[in-house]
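Atoms within a ligand are numbered from 1 in the order they appear, just like the ligands themselves.
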Amino acid sequence: MNNIRLHVNVDHIATLRSQRGTKYPDPVAAASICELSGADGITVHLREDRRHIIDRDVEILRKTISTVMNLEMAVTDEMVGIACSLGPDIVTLVPEKREEKTTEGGLDLRDSKLMDKISSAIEKMRKNGIKVSLFIDPDVDIVEISQKIGADMIELHTGDYTLSENSDEIRKQLLRLENSAFAASECGIELAAGHGLDYTNVKGILHLLNLKELNIGHSIISRAALSGLEKAVRDMIFQIRGGI
Ligand code: PXP
């Protein structure tokens, strides 16, 4: 057995709620269930457009999460301000585009303007006792830059690996992840990974050197929708007819 921690991303519960503008399903309730089921942490992405997770969620989650709260966010003054007053355990900085369905790539740390913005954000959050992780593509030079600008941790974007369609591509993407993990270990920076991981492809990355944490959302919430469907239908029939 390994001791890789699982952080469950509950954004997808909030997406269902946004589709109808209802109060349910509540990501706060989902987070509690994940914790009761053994999750080591809860991840939420407060997007600038508040398309799924909203301010009310992160405020309540900060009070209710008893494991680790990982707040994903863009590097903006507004978000850094929210993080500093909220005090999540970890902030994961991610690139954000309004038109994307989900986070598409890692932070482009070769852009010197972005680098400066990130290092000043890291400094502010550090002063508030928040650990900072950077969501990056699995490239050795970007891992090294992350360490230089003061990140405590990196989360390797596993999207290219999970989208690989043949064994050559899988091998190529795994090699990128393996080399990046090695570089992170050499730099003494903590290692997480995530994006697109499911019940099958997750097995292929568990060997990454010093992998400490995985952030997984869509596949877990999708499985929950199907594995919980039978009970949900039975519960509705009970409401309608008082029995099956
Ligand atoms: N890590 C980061 C930085 C993400 O933005 C996301 C998606 O919100 C995830 C992990 C989880 O990805 P998935 O929902 O595909 O498991």
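- Salt-bridge check for D116 with K113: failed, with every basic side-chain N at 4.0 Å or more from each acidic carboxylate O.
- A salt bridge links D141 with R110: at least one charged nitrogen is closer than 4.0 Å to a carboxylate oxygen.
- Under the 4.0 Å criterion applied to side-chain N and carboxylate O atoms, D198 and K203 are not assigned as salt-bridge partners.
- S185 and N210 are linked by a side-chain donor-acceptor pair at a separation below 3.5 angstrom, with hydrogens and angles left out of the test.
- Residues lining ligand 1 at a heavy-atom distance below 4.0 Å are given as N9, D11, H12, E72, V94, T102, T103, F135, E155, H195, G196, N215, I216, G217, H218, ordered by chain and residue number.
- A donor-acceptor pair shorter than 3.5 Å cannot be found between the side chains of N201 and T162.
- The closest side-chain donor-acceptor pair between E178 and H207 falls under 3.5 angstrom.
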